[in-house]
2 protein chains.
Amino acid sequence: KKFEDVFDKIRDELIERFTSENMPQDAIEWYKRSLEYNVPGGKLNRGMSVVDSVEILKGRSLSDDEYFKAALLGWCIELLQAFFLVSDDMMDQSITRRSQPCWFRLENVGNIAINDSFMLEMAIYQLLKKHFRQESYYVDLLELFQETTYQTEMGQLVDLITAPEDHVDLGKFSLKKHNFIVRYKTSYYSFYLPVALAMHMCHVPASYTHSGKVVSPYKLALDILLPLGEYFQIQDDFLDYSGTPEQIGKVGTDIIDNKCSWCINVALSVATPEQRKVLDENYGQKDSQKEARVKALYEEINLRERYRKYEEDAYQRLG
Amino acid sequence: KKFEDVFDKIRDELIERFTSENMPQDAIEWYKRSLEYNVPGGKLNRGMSVVDSVEILKGRSLSDDEYFKAALLGWCIELLQAFFLVSDDMMDQSITRRSQPCWFRLENVGNIAINDSFMLEMAIYQLLKKHFRQESYYVDLLELFQETTYQTEMGQLVDLITAPEDHVDLGKFSLKKHNFIVRYKTSYYSFYLPVALAMHMCHVPASYTHSGKVVSPYKLALDILLPLGEYFQIQDDFLDYSGTPEQIGKVGTDIIDNKCSWCINVALSVATPEQRKVLDENYGQKDSQKEARVKALYEEINLRERYRKYEEDAYQRLG
Ligand SMILES: [Mg+2]
Ligand SMILES: [Mg+2]
Ligand SMILES: [Mg+2]
Ligand SMILES: [Mg+2]
Ligand SMILES: [Mg+2]
Ligand SMILES: [Mg+2]
């Protein structure tokens with residue numbers, strides 16, 4: 001609630017600028033609507049985890065000003081995510097997002113959503129400039145957002161050309177590619193970015209010496225958080241296949257949607273030539289019988305057991 | 001030629017990073033192709049004017065290193081423009097650009113072009129980080145690109161909702177809106193940005209005192225360059241109507257395309273109710289007879305003479 005209240009303030013600030021520059025009223029209202037439709041309404045765990053991380057690093061609860069600044073950085077991640085989601089839905093020609101129609105599907109919006117997504121992205125830098133310009137770590141924040149944006153776009157590119165919805169070619173899949181896509185498209189912005197922003201806000205330096213050894217805390221955070229991101233994505237991929245609608249809040253569609261999921265990549269890595277043929281003929285098609293055939297094959301290769309083993313290993317590595 | 005050679009170096013640098021991060025080969029080739037297809041091939045006057053401006057400010061020819069850095073800033077403007085053009089062509093559903101098919105029209109590209117446009121934009125910050133991170137004005141460059149990007153997107157938004165190709169509503173047009181669109185969508189990035197980049201590279205400060213008076217050189221540059229941008233755009237709008245194909249290298253389509261051009265806005269500002277009716281019924285439609293009717297009306301209201309007067313005044317103000 002407190003975190004969500006910060007959004008209203010941010011939105012008003014962004015709108016205020018447009019008013020002060022005499023932007024036509026219909027354009028101001030358009031932008032306001034885009035911000036309200038696309039930015040809040042998600043789970044907000046990325047954004048709120050900046051606040052949590054700052055509290056952990058400081059080892060105490062935050063003053064009002066500290067809370068506001070941490071929450072603002074959190075909302076910058078939510079803006080970045082909104083930019084990615086609005087555009088991803090266009091690229092995937094999706095229908096709904098967060099149980100409402102995708103923004104570009106709304107009457108009169110259409111392809112204008114491309115520019116709207118850009119303006120969600122640029123709001124980040126507007127806010128950083130206004131609230132962090134005086135801080136010694138301002139340029140670090142700028143570079144971190146830029147770098148993370150680029151990484152996510154790299155992941156999106158590989159995902160788009162590896163697993164287009166309308167052209168199945170399992171020859172393009174591999175566990176290595178899966179790993180690249182997960183890391184670049186999701187882990188950097190969802191797992192590393194919130195923590196790294198909090199570290200900058202707490203003046204954690206790029207490196208320091210501790211009992212004669214050089215410590216690089218941001219590298220350390222990466223080493224912990226990227227495997228964590230991978231673990232969560234693999235769990236998400238596995239649950240898309242194995243979870244009940246009650247567990248995952250939706251019906252999994254990764255097989256039908258030709259997703260470069262952990263499941264298919266494991267299957268490909270152990271498939272006999274006959275099994276590979278089954279996968280080639282049945283994966284990524286809008287046909288529930290073919291989907292069922294792929295699922296049967298996942299059972300044949302003991303995917304559940306393989307996931308259990310992966311999870312066990314991951315606990316060892318991450319724990 | 002020398003300026004164009006810098007592009008090859010930039011492209012190789014951008015690609016090198018991807019190779020070093022083990023991006024899959026097909027994605028690397030995709031990005032290379034996007035850079036080569038979308039970035040060079042324009043008139044390059046925005047980019048080259050950074051080099052010219054640095055030479056003028058320094059009052060001498062540039063060393064190799066200075067030339068490279070100025071040219072790199074110039075190519076960053078060309079990258080920004082490529083980002084705008086690739087996405088604008090999608091929003092306008094255009095067919096060709098620079099006498100080749102629009103990027104998104106190419107086989108297999110389609111909506112992936114949205115993400116490609118993002119990656120053209122982010123290349124700017126990649127290059128600035130690599131080549132200007134040590135400079136005292138680095139953060140000024142970052143803010144200038146961010147600010148200009150946002151301004152251009154604001155102009156694009158107003159243009160898109162004021163003059164959609166498929167829905168004519170001349171009630172939304174006005175000379176004031178024309179002025180806003182021109183300034184935000186074109187002048188900031190085409191006229192102010194090259195000069196401001198050159199000024200930063202030459203360490204021109206935000207303000208200084210001269211014989212007891214505070215001078216703000218960037219504000220001064222804006223005051224000169226924004227009216228210049230407006231002048232050039234109004235000339236462009238007028239020539240779209242009055243120029244022969246030999247003069248302008250194409251057949252003007254602003255009337256048919258429902259463009260919020262200077263010509264229609266002048267006509268609206270002086271039209272009698274009868275003339276307004278003619279404009280409402282004939283503007284912005286894919287019909288050459290209706291286009292001819294609008295052109296006839298432009299003659300009735302002496303648009304040529306009005307343009308001559310505007311130009312005369314502009315010379316006074318700008319000269
Ligand atoms: Mg999607
Ligand atoms: Mg997608
Ligand atoms: Mg999933
Ligand atoms: Mg266009
Ligand atoms: Mg356009
Ligand atoms: Mg024109």
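Residue numbering restarts at 1 for every chain, and letters A, B, ... go by the order of the sequence lines.
Atom CG of A:Asn108 is separated from atom NE2 of B:His167 by 8.0 Å, given to the nearest 0.5 angstrom. Taking CE of A:Met119 as the reference point, atom OG1 of B:Thr149 lies at 11.5 Å (rounded to 0.5 Å). To the nearest 0.5 Å, atoms CE (A:Met154) and CZ (B:Arg17) are separated by 5.0 Å.
With respect to chain B, the highest number of heavy-atom pairs below 4.5 Å among A:Gln156, A:Lys177, A:Lys129, A:Gln146 belongs to A:Gln146. Most heavy-atom pairs under 4.5 Å with chain B, from the set A:Asn115, A:Ile114, A:Asn111: that is A:Asn115. By number of non-hydrogen pairs under 4.5 angstrom with chain B, the leading residue of A:Val139, A:Thr162, A:Leu157 is A:Leu157. Most heavy-atom pairs under 4.5 Å with chain A, from the set B:Gln93, B:Arg133, B:Met90: that is B:Arg133.
Of the atoms belonging to A:Asn22, it is backbone heavy atoms, and not side-chain ones, that fall under 4.5 Å from chain B. Looking at A:Gln126, the atoms closer than 4.5 Å to chain B (heavy atoms on both sides) all sit in the side chain, from C-beta outward. At a 4.5 Å heavy-atom cutoff, A:Phe84 makes no contact with chain B through either its backbone or its side chain. When heavy atoms are compared at a cutoff of 4.5 Å, A:Glu143 approaches chain B solely by way of its side chain, counted from C-beta outward. The part of A:Leu142 that comes within reach of chain B is its side chain, from C-beta onward, which places non-hydrogen atoms under 4.5 angstrom from that chain. When heavy atoms are compared at a cutoff of 4.5 Å, A:Ser174 does not approach chain B at all. Proximity to chain B is absent for every atom of A:Ala113, based on heavy atoms less than 4.5 angstrom apart. Residue A:Arg183: no heavy atom, backbone or side chain, is found under 4.5 Å from chain B.
Annotation: side chain of A:Val158 is in contact with side chain of B:Met23 (closest heavy-atom distance under 4.5 Å).
Heavy atoms of other residues, nucleotides or ligands lying less than 6.0 angstrom from NZ of A:Lys286 number more than 12. The local environment of NZ in B:Lys172 is crowded, with over 12 non-hydrogen atoms from other residues, nucleotides or ligands closer than 6.0 Å.
Remark: aromatic rings of B:Phe118 and A:Tyr150 are distant, center separation not under 6.0 Å.
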Checking side chain to side chain donor-acceptor pair (under 3.5 Å) for the pair B:Tyr125/A:Glu147: CA distance, chi angles, key distance, verdict?
CA-CA 8 Å; B:Tyr125 300 98; A:Glu147 180 65 17; over 6 Å; no
